[in-house]
Trainee: 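Pasting in a structure now, in structure tokens, and then I'll have a few things to ask.
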Amino acid sequence: MRIVIAGAHGQVARRLGRLLSARGDTVLGIVRNPDHRADLEGDGVRPVVLDLEQVSADEVAEVVRGADAVVFAAGAGPGSGAPRKDTVDRGAAVLLADAAEQAGVRTYLLVSSMGVDRVAGGGTPAGADEVFTAYLRAKLAAEADLLARPALAVTVVRPGGLTDDPGTGRVRLGHGIDAGQVPRDDVAAVLLALLDAPRDGAVVELVGGDTPVAEAVAATP
Ligand SMILES: NC(=O)c1ccc[n+]([C@@H]2O[C@H](COP(=O)([O-])OP(=O)(O)OC[C@H]3O[C@@H](n4cnc5c(N)ncnc54)[C@H](OP(=O)(O)O)[C@@H]3O)[C@@H](O)[C@H]2O)c1
């Protein structure tokens with residue numbers, strides 16, 4: 001397969017890139033910082049330097065053309081304020097969707113976040129500060145934009161709190177599940193399995209659990 005990962009130097013993204021390249025898939029990784037190219041090359045991922053807050057859909061379409069799927073694993077990150085939650089977590093995800101549509105790439109995996117339903121209908125979640133609320137709103141808006149596009153087959157993965165613990169290969173995937181944590185290794189494993197069997201319009205929460213990844217993904221409608 002040929003896969004394009006946006007936010008390819010991210011911690012989940014690099015794990016996914018290594019899994020894909022290790023089994024022989026072609027992986028293009030979009031990064032904004034040219035200094036990240038060497039790390040990607042070391043992972044077996046072909047780096048493409050593009051700042052997704054600066055470029056046009058046309059430019060991104062040239063990168064994704066011919067891909068079997070695109071994966072959005074970028075994020076403005078912990079040190080960022082509310083404006084960048086909108087420009088990255090929503091805006092860049094939507095830009096990638098525009099580019100995928102333009103290039104005729106149908107399969108799109110979005111890494112979103114558990115808890116986004118807490119801002120559905122414009123609500124402000126109890127205990128969430130302004131930046132976290134903006135983050136959840138940006139993720140939810142990205143989901144809504146993508147899921148409304150008939151030209152795309154979208155799978156939304158909403159992980160709980162990400163950890164760097166070693167993956168267990170076992171997860172819980174579903175709807176309305178209790179908040180929890182999940183190792184980034186296991187998020188990458190779930191994304192890999194979903195790339196092999198993409199859904200169309202699925203939205204799943206993901207935390208650590210007892211079910212082997214392949215079984216959990218197979219049970220996802
Ligand atoms: N942390 C959590 O507990 C948690 C929970 C649920 C979901 N999530 C979501 O899960 C996803 C993956 O998380 P992670 O920890 O792997 O993220 P991460 O390590 O923070 O990686 C995010 C990547 O996005 C890149 N990026 C930011 N702005 C960009 C731009 N304008 N153009 C291109 N790339 C850009 C960053 O590049 P730079 O290094 O250049 O900034 C970084 O490499 C994120 O969407 C995150 O919001 C996180």
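The first residue of the sequence shown is numbered 1, and numbering continues consecutively from there. For ligands, and for the atoms within them, numbers begin at 1 and follow the listed sequence. Computed from a predicted structure; not experimentally measured.
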Trainee: Within the 4.5 Å heavy-atom criterion, are D117 and L140 side-chain neighbours or not?
Mentor: no
Trainee: Sequence neighbours left out, what pairs pass ring-ring contact (aromatic ring centres under 6.0 Å, His included) with at least one residue falling in residues 25-64?
Mentor: H9-H36
Trainee: Which residue pairs pass the ring-ring contact (aromatic ring centres under 6.0 Å, His included) test when at least one of the two sits in residues 76-132, sequence neighbours left out?
Mentor: F132-Y135
Trainee: At a heavy-atom distance under 4.0 Å, which protein residues reach ligand 1? Sort them by chain and number, would you?
Mentor: G7, H9, G10, Q11, V12, R32, H36, L50, D51, L52, E53, A73, A74, G75, R84, V88, D89, V111, S112, S113, Y135, K139, P159, G160, G161, L162, R184
Trainee: Identify the two heavy atoms, one from L28 and one from V45, that lie closest to each other, and give their separation to 0.1 Å.
Mentor: C-CG1, 4.1 Å
Trainee: By side-chain hydrogen bond (donor to acceptor under 3.5 Å, both in side chains), which residues pair with E143, not counting sequence neighbours?
Mentor: S112, R158
Trainee: Between E205 (side chain) and G176 (backbone), is there a donor-acceptor pair under 3.5 Å?
Mentor: yes
